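In what follows, every chain begins at residue 1, and chains take the letters A, B, ... in the order their sequences are listed. The shown structure was predicted, so the numbers you read here are calculated from the model rather than taken from an experiment.
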2 protein chains.
Amino acid sequence: MIVDGAAVAAASEALPDDICVAALAAVFSALGDPTRVRIALALLGRELCVCDLAALAGISQSGVSHQLRVLRDLRVVAYRRDGKRAVYRLIDDHVREVLELGLAHAAESETG
Amino acid sequence: MIVDGAAVAAASEALPDDICVAALAAVFSALGDPTRVRIALALLGRELCVCDLAALAGISQSGVSHQLRVLRDLRVVAYRRDGKRAVYRLIDDHVREVLELGLAHAAESETG
DNA sequence: TCAACGTATGAGTAAACGTTCAGATGAAGC
DNA sequence: GCTTCATCTGAACGTTTACTCATACGTTGA
C-alpha cells in the first residue's frame with residue numbers, strides 16, 4: 001500500500017497527536033463559516049455588542065449568540081458585561097494574523 | 001436595535017464583500033476538518049502520493065481523494081503526475097504560516 | 001416587586017458534510 | 001489488444017451544522 005515509506009514515516013513523526021489535530025481543526029472550523037468570519041472581521045478593529053453583531057452578520061440575535069458561543073469555546077473571542085449588554089472582542093493576536101493571511105490567500109485565489 | 005451606530009458603520013465599511021467573506025470562510029473551512037488538516041500537516045515538509053496520504057490520514061483512499069479535491073479547489077494543494085501516482089504538495093506559503101499560527105493558538109488554548 | 005431590555009439556551013428543521021462502497025478513468029507493462 | 005495498479009467520481013448513508021422560533025436568564029430602572 002505505502003509507496004514512499006521514508007516520507008510516510010517522517011510525516012507520521014511530525015504529525016501532532018489526535019487531540020492537537022482536533023483542536024487545530026476546531027479553530028479553523030470556527031473561522032470556516034461566513035457568519036463567524038464576518039463576526040471575527042467585524043471585531044478586528046473594535047469591540048461590539050451582540051445586537052450590533054447581529055445587524056452586521058445579517059442574522060437573528062439568537063443566531064449570533066449561538067455562533068459567539070462557538071467562538072468563545074474556542075478562545076477566539078471573549079466578552080465583558082456592560083449593563084445589560086455583552087460586549088465582545090477578539091482574544092488572540094494569532095487570530096488577527098490568521099485572518100489577514102487568509103484574506104491574502106483568498107485574494108490570490110481570486111486573481112489566479 | 002443598533003446600539004453603537006458609529007462602531008457598526010465603521011465595521012460595516014471595513015467588512016469585505018460577501019464573495020470575499022465566502023472565499024475566506026471556504027479557505028478556513030478547508031482546514032477545519034481533522035482529516036484535511038492532517039493532510040495539510042503531512043504535506044508541510046514533503047510531497048506525498050494519495051495512497052500514502054490515506055495511510056497517514058487513516059481513512060480510505062477514496063475518502064482522501066475526495067478531501068484532496070476540496071483542497072485542490074481551494075488552491076491549498078496541487079499535484080503532479082508521476083506515472084500512475086498523483087503526488088500532492090502544498091501550494092501556498094500562506095497555508096504554512098496559517099497552520100503554524102493555528103498550532104500556536106491551539107497550544108495556548110490547551111494550556112489555558 | 002414588576003416590566004423592559006439585551007442576551008443565552010433548547011428544540012426543531014433543512015441543508016451541508018465526511019465517509020464508504022461500487023464503478024469509471026487513465027497510465028504502464030505484457 | 002488486455003490486465004493491473006493508482007486515482008477519481010457518483011451515489012448513498014449517517015452525522016453534523018447553522019439557522020429560526022419560543023422561552024428562560026440576568027440586569028436595569030421604576
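Separating the CG atom of Leu71(A) from the P atom of dT17(D) is a distance of 14 Å, rounded to the nearest angstrom. The CZ atom of Arg81(B) sits 7 Å away from the C1' atom of dG26(C) (whole-angstrom rounding). Whole-Å rounding puts the Ile59(A) CD1 to dA8(C) C1' distance at 14 Å. In this structure, Gln61(B) atom CD and dG23(C) atom C1' are separated by 13 Å, rounded to whole Å. Atom pair Ile2(A):CD1 and dT7(D):P shows a separation of 12 Å (rounding to whole Å applied). Here the P atom of nucleotide dA18(D) and the CZ atom of Arg69(A) are 14 Å apart, to the nearest Å.
If you check distances only, the side chain of Ser62(A) does reach the base of dT9(C) with a donor-acceptor pair under 3.5 Å.
Taking the side chain of Arg72(A) as heavy atoms from C-beta on, and the options dT9(C), dG6(C), dC8(D), the nearest nucleotide is dT9(C).
For dC19(D), the OP1/OP2 oxygens have a side-chain nitrogen or oxygen of Thr35(A) closer than 4.0 Å. The shortest distance between the side-chain N/O atoms of Tyr88(B) and the OP1/OP2 oxygens of dC8(D) is below 4.0 Å. The phosphate of dT19(C) has OP1 or OP2 within less than 4.0 Å of a side-chain N or O from Gln67(B).
Between His66(A) and dC19(D), no base-stacking contact is recorded for ring centres under 5.5 Å apart and planes less than 30° from parallel.
A salt bridge is absent between Arg85(A) and Asp4(B); no separation between the charged side-chain nitrogens and carboxylate oxygens falls under 4.0 Å.
Remark: the Arg72(A) side chain and the Tyr88(A) side chain contain an N/O donor-acceptor pair separated by less than 3.5 Å.
Across all strands shown, Gly63(B) has heavy atoms under 4.0 Å from base atoms, whether or not it also approaches the sugar-phosphate.
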